[in-house]
Amino acid sequence: MVGEEGAFVLGWDEVLTEEELSMTLKVLCMSEEEFKEYKEQDGWEDDSDEEENSTLSNEALSRLKTPCKKLLYDSVLLTLESYGADLKAEQDLLNNKEAYEKLSRREQQALHVRYGQKRILHQLLELLQ
C-alpha cells in the first residue's frame, strides 16, 4: 500500500500521497472483524466517490477519527526522533551566520531541507492534537 520506501509525502497544505495514506490509515485502524471482511472482499468495493470527496488537506487531517489521529501522531513523533537534531537546533544553526557559513554548500542545502521537513512535521503534530 505504501510502496517500497514505506513513506508518505506531506506538503504545507495537504498530503501529496493522500490515496496511500488514506488507505493505510483505514486498514490500520480497522477492527479485527472489519479487516477479515476487507480481506474476504479483496478490498472495498468501488468507494471512489467517497475518496474523491475526501482529500487529505490539513483541515481534513485535523478531523480524522481519534484512532487514526493517534496513529499518525505517533508516527510523526517517531519520524522526528529519527533526525539527529531537533527543530530548534536546526533553526539556531540557520540563524548563526558564522556557523552557517562554515558549512559546505551541500551541508547548507541539506540543513534547509531538514529544517523544512521538520517544520512540516511539527505543523502536522499541531493539526493532530
* Structure fact -> Hits for side chain to side chain donor-acceptor pair (under 3.5 Å) against K70, two or more places apart or cross-chain, chain-then-number order -> D74
* For N96, enumerate each residue passing the side chain to side chain contact (heavy atoms under 4.5 Å, CB included) test, keeping only those at least two apart in sequence or located in another chain. => E98, A99
Using a 3.5 Å cut-off and no angle test, enumerate the donor-acceptor pairs between side-chain atoms of residues 110-118 and protein atoms at least two apart in sequence or in another chain.
| residue | atom | partner | partner atom | Å |
| --- | --- | --- | --- | --- |
| H112 | NE2 | Y100 | OH | 2.8 |
| R114 | NE | E90 | OE2 | 2.8 |
| R114 | NH2 | E90 | OE1 | 3.3 |
| Q117 | OE1 | Y83 | OH | 2.8 |
| K118 | NZ | A85 | O | 2.4 |
| K118 | NZ | E90 | OE2 | 2.7 |

* Asked: Can you name the salt bridge (Lys or Arg N to Asp or Glu O under 4.0 Å) partners of K65, sequence neighbours left out?
  -> none
* **Partners meeting side chain to side chain donor-acceptor pair (under 3.5 Å) with S31 (sequence neighbours left out)** => E34
* Asked: Should the pair K36-E40 be classified as a salt bridge under the 4.0 Å nitrogen-to-oxygen rule?
  -> no
* Could you tell me which residues satisfy side chain to side chain contact (heavy atoms under 4.5 Å, CB included) with L125, sequence neighbours excluded, listed by chain and number? => Y73, V76, L77, L80, H122
* Listed partners of R105 passing salt bridge (Lys or Arg N to Asp or Glu O under 4.0 Å), at least two apart -> none
* Kindly say whether T79 contributes a backbone atom to a donor-acceptor pair with the side chain of S82 at under 3.5 angstrom? => yes
* Is V9 isolated, or which residues cluster with it under the ILVMFWY side-chain rule of less than 4.5 Å, directly or via members? -> L16
* Contacts of D92 that satisfy side chain to side chain donor-acceptor pair (under 3.5 Å) - sequence neighbours left out -> K88
* Structure fact -> CG (L10) and CD1 (I120) are apart, to the nearest 0.5 Å, by 7.0 Å
* Hey, what do you get for CD (Q129) to NZ (K69), rounding to the nearest 0.5 Å? -> 9.0 Å
* What pairs with E81 under salt bridge (Lys or Arg N to Asp or Glu O under 4.0 Å), at least two apart in sequence or on another chain? -> none
* **Distance, nearest 0.5 Å, that separates CG of L124 from CZ of F8** => 11.5 Å
* With sequence neighbours left out, what residues match Q123 under side chain to side chain donor-acceptor pair (under 3.5 Å)? -> none
* Asked: Quick one: side chain to side chain contact (heavy atoms under 4.5 Å, CB included) partners of R63, sequence neighbours excluded?
  -> E59, A60
* To do: Answer with yes or no whether the hydrophobic clustering places L78 together with L71; edges join I, L, V, M, F, W, Y residues whose side-chain heavy atoms lie under 4.5 Å apart.
  => no
